[in-house]
S.K.: 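Take this structure first; my questions come after.
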Protein chains: 2
Amino acid sequence: MRDALVAAAFQLFLERGFEQTTVDDIVALAGVGRRSFFRYFPSKEDVVFPDHERCLADMAAFLDSGADSDDPVVRVCDAARLVLRMYAENPAFSVQRYRLTKQVPALRTYELSVVRRYERGLAAYLRGRYADLPDGTVRADVIAAAVVAAHNNALRSWLRGDGSDDPVALTDRTLGLVLETWGGSPAGNGPTEDVVVVITRRSTPMWRVVKDVESAFRYGNGRQ
Amino acid sequence: MRDALVAAAFQLFLERGFEQTTVDDIVALAGVGRRSFFRYFPSKEDVVFPDHERCLADMAAFLDSGADSDDPVVRVCDAARLVLRMYAENPAFSVQRYRLTKQVPALRTYELSVVRRYERGLAAYLRGRYADLPDGTVRADVIAAAVVAAHNNALRSWLRGDGSDDPVALTDRTLGLVLETWGGSPAGNGPTEDVVVVITRRSTPMWRVVKDVESAFRYGNGRQ
DNA sequence: CGGCGGGAGGGTACTGAGTGTCCTGTGGCA
DNA sequence: TGCCACAGGACACTCAGTACCCTCCCGCCG
């Protein structure tokens with residue numbers, strides 16, 4: 001039933017556009033009643049993103065499970081990869097949906113609100129992990145936003161292509177940049193033995209070197 | 001006329017809620033025709049954010065103007081401060097609107113789409129500045145997202161309060177964290193004095209340390 | 001001075017999304 | 001066989017947003 005509605009909706013959306021298709025058209029093609037459509041999908045936009053609710057739940061479950069011993073940023077990046085996996089499961093469907101969404105403002109707005117829910121999920125997790133860090137909530141929000149941006153950058157460049165690229169490799173690359181910057185748990189379970197390498201110009205004043213070393217210790221400086 | 005509609009709308013939104021107020025109610029109170037409402041505001045949501053269009057234009061103008069010699073991240077942070085200034089101009093109005101938006105899903109979604117436009121503006125600017133950098137678009141997207149997240153974190157914590165805090169100080173603090181991480185133009189007019197700090201575990205193999213140092217040289221690693 | 005064109009605003013009717021309510025068929029159970 | 005729960009359908013309604021046409025006002029020109 002759900003699947004029949006999704007199939008009918010996409011057929012019509014692709015052949016005559018989202019705005020040119022009414023819910024009545026969809027239910028007529030699917031051979032069901034109009035009211036049933038809204039029983040399965042709260043709005044016309046929802047039918048375009050039928051699997052995000054499940055993926056959101058999966059991500060929440062993933063973040064809830066697992067020990068708090070590992071790097072929070074790594075964990076959050078792995079959570080983002082769950083979303084990528086969902087897209088990569090049906091490349092043809094994902095590319096079609098991407099092209100549709102790109103053209104329809106209502107769908108772009110809807111997608112935005114979905115992305116926001118993922119981001120808030122990641123931020124909530126990080127806020128918990130950074131609870132006892134100064135400026136922990138800012139750090140959490142910023143990292144969550146950065147992870148989502150990096151993930152979406154890779155996802156979109158994959159969707160823009162013909163689907164022949166490897167989305168996982170693309171995402172690894174962009175998330176790698178975020179990990180390079182923010183990875184290396186500043187929240188603790190800290191490294192037990194540190195080696196500090198400082199490279200500086202001879203002309204740099206010593207106070208600046210000290211400040212940078214302190215800052216690197218405080219925040220991990222993106223490298224472990 | 002515009003102002004009269006905004007005033008009437010807010011009066012009704014505050015006393016009976018956004019969804020419980022119809023456009024007919026607003027135009028009846030303002031004493032104008034229904035059609036005129038939609039001449040000034042494309043949708044019912046727009047009346048809640050009457051000054052964002054102007055602010056978006058201001059930000060675009062700000063980013064277009066000015067030399068390309070300074071740090072792009074600093075410039076983007078300054079652009080974000082324009083938005084804060086708009087909120088800070090009418091604290092009472094901003095706080096009322098925040099409380100309204102927090103409760104109404106449709107307004108949250110709308111606000112999201114506005115924030116997205118700011119973010120895309122910042123990202124487009126950074127993409128231009130980082131055009132000849134490897135992974136420049138990712139870096140641009142990530143920094144834009146980080147700046148917006150930091151800005152919104154400060155803005156929201158100010159709006160949640162009673163308006164007595166200093167919003168500029170709050171924003172300086174959160175944007176400062178972003179600047180600390182990403183500031184220091186990697187795009188060139190390069191820094192004249194480098195300090196590279198690498199912290200690693202004693203067990204880390206040397207090849208990895210070398211790789212990290214090389215990478216830090218290439219990207220500036222967020223610190224000057 | 002009178003006609004006139006254009007733009008701002010008002011009125012009416014329409015489309016289409018989303019909701020509430022009631023009805024009907026169907027399948028399980030005592 | 002009677003009963004109940006529930007999935008789905010039919011219908012009516014609200015309200016946002018749009019198209020079309022009307023009116024009034026204001027400056028302009030013959």
S.K.: Whole-Å distance between dT14(D) P and Asp25(B) CG?
M.R.: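 Rounded to the whole Å, the gap is 14 Å.
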S.K.: Should the pair Arg2(B) and Tyr40(B) be classed as cation-pi, given the thresholds of under 6.0 Å to the six-membered ring centre and 45° from the axis?
M.R.: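 Relative to the ring axis of Tyr40(B), which defines the angle, Arg2(B) lies outside at least one limit.
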S.K.: Could you check Thr21(A) against Arg39(A) and say which one's nearest nucleotide on DNA chain C is further toward the 5' end?
M.R.: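 With Thr21(A) and Arg39(A) compared, the 5'-side residue is Thr21(A).
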S.K.: Rounding to a whole Å, what distance do you find between Gln20(B):CD and dA16(D):P?
M.R.: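 One finds 11 Å between P of dA16(D) and CD of Gln20(B), rounded.
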S.K.: Among side-chain atoms of Tyr110(B) and Asp46(B), is any donor-acceptor pair under 3.5 angstrom?
M.R.: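 On atom types as modelled, these side chains qualify, holding a pair under 3.5 Å.
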S.K.: Can you measure Phe18(B) atom CZ to dA16(D) atom C1' for me and round it to whole angstrom units?
M.R.: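 The answer, rounded to whole Å, is 10 Å.
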S.K.: Quick check: do Glu119(A) and Asp141(A) have side-chain heavy atoms less than 4.5 Å from each other?
M.R.: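 Glu119(A) vs Asp141(A): side chains apart.
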S.K.: With sugar-phosphate meaning primed atoms plus P, OP1 and OP2, does Phe37(A) contact a base, only sugar-phosphate, or nothing at under 4.0 Å between heavy atoms?
M.R.: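 No contact.
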S.K.: Tell me: CD of Glu19(A) to C1' of dA16(D), nearest whole Å?
M.R.: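 Those two atoms, CD and C1', are 15 Å apart.
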S.K.: Out of dC15(D), dT18(D), dA17(C), which has the shortest distance to the side chain of Phe38(B)?
M.R.: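 Nucleotide nearest to Phe38(B)'s side chain: dT18(D).
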S.K.: Does dG8(D) have OP1 or OP2 under 4.0 Å away from a side-chain N or O of Tyr40(A)?
M.R.: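 Yes, such a contact exists.
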S.K.: Compute the centroid of each ring, for Tyr87(A) and then for Phe93(A), and state whether the two points are separated by less than 6.0 Å.
M.R.: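 No, they do not, as the ring centres are separated by 6.0 Å or more.
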S.K.: Which of the following nucleotides, dA16(D), dC11(D), dC20(D), is nearest to the side chain of Arg35(B)?
M.R.: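 Closest of the options to the side chain of Arg35(B): dC20(D).
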S.K.: Whole angstrom is fine here: how far is it from CZ in Arg34(A) over to P in dA12(D)?
M.R.: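 Those two atoms, CZ and P, are 13 Å apart.
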S.K.: Rounded off to whole Å, could you give me the CG-to-P distance for the Asp24(A) and dA10(D) pair?
M.R.: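 Roughly 12 Å, once rounded to whole Å.
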S.K.: Between atom NZ in Lys44(A) and atom C1' in dA16(D), what is the gap in whole Å?
M.R.: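 Taking NZ of Lys44(A) and C1' of dA16(D), I get 14 Å after rounding.
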